[in-house]
Amino acid sequence: MRTPTVIVVGAGHAGLEAAFAAARVAEHLGGDRGPRVVVVTGRLDTIGQTPCNPSVGGVAKGHLVKEIDALGGFMGRAADATAIHGRILNASKGPAVQATRLQVDKARYGAHARAALLAHPSITVIEGLVVGLRLREGPAIAGVDLADGTALEGDAVVITTGTFLGGILHTGSARTPGGRVGEPPASDLSRALRALGFDLRRLKTGTPARIDGRSIAWDDPALEPQPGDDPLPRFTLADDVEPPPPILPQVSCHLTWTSEATHALVRRHLRESAMYSGSITGRGPRYCPSIEDKVVRFADRARHQVFLEPEGLDTASVYPNGISTSLPAAVQEAMIRTIPGLERAVILRPGYAVEYDAVDARALDHALRSRDIAGLAFAGQINGTSGYEEAGAQGLVAGASAALGLLDRPPLTIGRDQGYAGVMIDDLCTQGCDEPYRMFTSRAEYRLILREDNADERLTDLAFETGLISEARRDRAHLRAARVGRAADALAAGHEPEDELWIAQRARARRCYAGYLDKQRREIERIRGEGVQDLPIPADLDYGGLAGLTREAAERLARVRPTSTGQAARIPGMTPAALICLWAHVRNVHRGRAS
């Protein structure tokens with residue numbers, strides 16, 4: 001009898017998590033019936049690359065990485081093993097929005113990922129390019145076709161092609177087919193998906209030039225050192241069953257700023273940018289704009305931040321975070337040299353924009369499986385998201401669910417009240433996206449509950465039930481939660497907890513939000529009870545001045561000008577958090593007028 005097989009297409013961040021999750025499910029729940037896992041990747045040497053920003057985590061993204069780790073995933077431990085700089089963002093704000101961000105050594109991260117994938121006893125890795133899908137009656141997945149004519153049989157397929165689906169690289173007027181520099185696109189697979197009826201849309205992302213660190217004036221007073229936190233923050237927990245990896249030598253980043261000369265040069269050459277010449281039709285990421293977009297959209301700002309981030313311990317390459325661009329290479333060099341500290345900068349590789357196809361995620365269920373073709377799932381940027389962390393969380397859900405399906409078990413689904421991964425997937429499957437989706441704390445209506453510090457408490461039991469973690473790890477998490485509970489009780493009684501600092505900090509976070517959480521739950525239940533009422537929205541409502549509404553939500557509402565809360569709920573991209581805010585405000589307006 002043939003062993004059932006999960007095929008993962010791609011070995012980026014989504015593909016890695018999908019493959020490892022499927023293998024864990026097979027090991028813990030499958031026994032002799034467990035499916036085998038096959039990964040197909042274009043090149044073995046690019047497995048697990050961090051092709052853009054050399055960092056993992058950040059605001060809301062750190063929450064996703066903590067959730068991946070709580071579900072037994074790879075990304076958090078890999079980042080800890082290769083981190084060369086780290087900070088807790090929003091440290092001066094409440095625990096709910098504090099987030100871990102680690103800058104990783106790019107070469108070491110990729111090597112770590114390759115070694116882990118290639119050495120895994122339950123995973124077979126094949127170098128090849130997938131050009132089509134094989135179907136059987138149902139319709140259902142039967143395998144994939146490779147460019148060299150090889151046919152691979154498979155009972156579930158998870159597609160994680162990132163920016164490779166119909167990818168085109170843009171630098172000025174130069175257009176090169178590819179998903180990354182030097183790697184061909186998956187154009188045949190793009191055409192195959194269209195032929196199967198999937199609605200594809202063009203999206204765009206970009207990356208800045210890389211600078212030779214030896215050409216940077218590090219002693220220039222204009223460059224502000226940005227050291228990492230001490231102690232280095234970690235994604236893995238100090239008392240994990242498997243101890244956290246050792247810490248590498250740490251580096252400092254530096255902050256500089258664009259200048260008026262930078263902006264003047266960009267404006268002068270704007271029509272040479274692929275974004276403004278008409279070469280690119282795809283929508284770019286709203287929250288990670290190119291330097292061209294910054295100069296145009298924020299014309300009143302005299303300067304913009306540029307973080308100089310070393311890409312590794314054994315390389316001179318520096319990532320200038322904040323100036324992604326598709327300007328011609330010669331213009332990029334001139335632009336960079338208008339930035340303080342970079343007057344003699346040497347470019348190692350020009351920046352570029354990449355335009356690619358993404359599926360409409362509204363065709364998927366909450367396990368990221370196709371609603372029309374059994375056994376087919378999608379994860380990562382192919383679903384319209386941006387970022388390693390968003391991709392990794394999707395890959396874990398899709399890979400675990402693929403293996404669970406072959407074992408005749410329910411898929412892994414995460415609720416909006418259980419994790420940021422659940423918020424993201426629900427947003428994608430319910431609303432789709434017309435621009436690259438990025439996770440933010442403001443997207444989660446339960447964000448006071450969904451903190452980094454309690455990711456394991458929220459997800460451990462779900463992880464164990466779905467075969468993603470061992471019994472030993474579940475028991476360790478339960479003991480940890482009990483320690484936090486006792487520390488919280490001690491604080492409530494006016495005593496200082498007799499625990500390690502990180503346990504006490506968790507207890508304080510729980511105590512900090514106790515009253516707010518009760519109020520939030522009551523408000524949500526009340527709105528759920530009354531929310532069936534479709535309230536008319538005043539025509540003169542100023543969305544930009546509505547407290548609690550994000551700029552993105554305000555722009556979407558102002559563009560459509562809905563006449564009722566029901567119509568507002570149907571606007572693509574409107575989150576439940578935004579709708580709760582809008583509904584509560586409109587209800588108060590009507591109550592005020594009635595009184």
Side-chain angles (χ1 to χ4, degrees), residues 1-12 14-16 18-19 22-23 26 35-49 113-114 117-169 175-198 200 354 356-359 369-370 372-382 395 398-399 402-403 405-406:
M1 181 177 178
R2 187 177 68 84
T3 302
T5 302
V6 175
I7 297 175
V8 178
V9 182
L16 286 168
R36 71 187 187 103
V37 180
V38 175
V39 176
V40 183
T41 180
R43 284 172 48 179
L44 297 181
D45 63 333
T46 60
I47 289 171
Q49 274 200 342
R114 285 192 297 278
L117 188 66
L118 295 175
H120 199 291
S122 304
I123 299 174
T124 301
V125 183
I126 296 174
E127 194 171 57
L129 186 65
V130 173
V131 296
L133 303 176
R134 304 176 68 82
L135 301 182
R136 54 184 171 82
E137 286 188 16
I141 277 292
V144 300
D145 292 318
L146 305 187
D148 64 3
T150 302
L152 298 179
E153 291 186 30
D155 306 275
V157 171
V158 182
I159 299 179
T160 68
T161 47
T163 59
F164 281 76
L165 206 66
I168 298 177
L169 310 181
R175 294 161 50 94
T176 306
R180 281 194 297 257
V181 170
E183 297 184 67
S187 298
D188 289 331
L189 182 57
S190 186
R191 286 188 284 269
L193 290 173
R194 274 199 178 86
L196 290 173
F198 286 96
L200 303 183
V354 56
Y356 57 96
D357 288 334
V359 302
R369 304 173 301 184
S370 167
D372 299 321
I373 300 176
L376 178 62
F378 300 84
Q381 281 185 276
I382 192 172
L406 298 185

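Quick caveat: nothing in here was measured; it's all calculated off a predicted structure.
In this structure, Gly182 and Arg43 approach most closely via the heavy-atom pair O-NH1, 3.4 Å. When every heavy atom of Gly48 is checked against every heavy atom of Leu16, the shortest pair comes out as CA-CD1, 3.7 Å. Residues Asp357 and Gly166 approach most closely at OD2-CA, 4.0 Å, considering heavy atoms. For the pair Leu117 and Ala19, the tightest heavy-atom approach, listed with the atom from each and the gap, is CD1-CB, 4.2 Å. Closest non-hydrogen pair, Ser122 versus Ala23, comes out as CB-CB, 4.4 Å. Considering every non-hydrogen atom in both Pro4 and Leu406, the closest pair reads CB-CD1, 4.0 Å.
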Are Glu183 and Gln49 close enough, and set up right, to give a side-chain contact (heavy atoms from CB on, under 4.5 Å), and what steps lead you there?
CA-CA 12 Å; Glu183 297 184 67; Gln49 274 200 342; 4.2 Å; yes
May I have the step-by-step check of side-chain contact (heavy atoms from CB on, under 4.5 Å) for Leu169 and Tyr356, ending in yes or no?
CA-CA 9 Å; Leu169 310 181; Tyr356 57 96; over 6 Å; no
Test Leu146 against Leu129 for side-chain contact (heavy atoms from CB on, under 4.5 Å), laying out the working first.
CA-CA 5 Å; Leu146 305 187; Leu129 186 65; over 6 Å; no
Would you sort out whether Val6 and Asp155 count as a side-chain contact (heavy atoms from CB on, under 4.5 Å), showing the intermediate values?
CA-CA 6 Å; Val6 175; Asp155 306 275; over 6 Å; no
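A donor and an acceptor atom, one from each side chain of Arg36 and Thr3, are nowhere located under 3.5 Å apart.
Annotation: side chain of Pro35 is not in contact with side chain of Thr5 (no heavy-atom distance under 4.5 Å). Within the 4.5 Å cutoff, the side chain of Ile373 has heavy atoms near those of the Leu196 side chain. Val9 has its side chain out of reach of Val158: every pair of non-hydrogen atoms, C-beta onward, lies at least 4.5 Å apart. Between Phe164 and Arg180 the shortest side-chain heavy-atom distance falls below 4.5 Å. Counting heavy atoms from C-beta on, the side chains of Leu193 and Leu133 come closer than 4.5 Å. A 4.5 Å side-chain heavy-atom check between Asp145 and Thr150 finds every atom pair outside the cut-off. Residues Phe378 and Leu165 have side chains not in contact (no heavy-atom distance under 4.5 Å, counting atoms from C-beta outward). Side-chain contact check for Thr160 versus Val8: some heavy-atom pair is nearer than 4.5 Å.
Proximity of a side-chain donor or acceptor of Glu127 to a complementary backbone N or O of Leu44 within less than 3.5 Å is detected.
Salt bridge annotation for Asp45-Arg114: absent, with no cationic side-chain nitrogen under 4.0 angstrom from a carboxylate oxygen.
When each of Val37, Thr124, Ile141, Leu152 is tested with Ile7 by the rule side-chain contact (heavy atoms from CB on, under 4.5 Å), just one qualifies, namely Leu152.
Residues meeting the side-chain contact (heavy atoms from CB on, under 4.5 Å) test with Asp372, sequence neighbours left out: Ser370.
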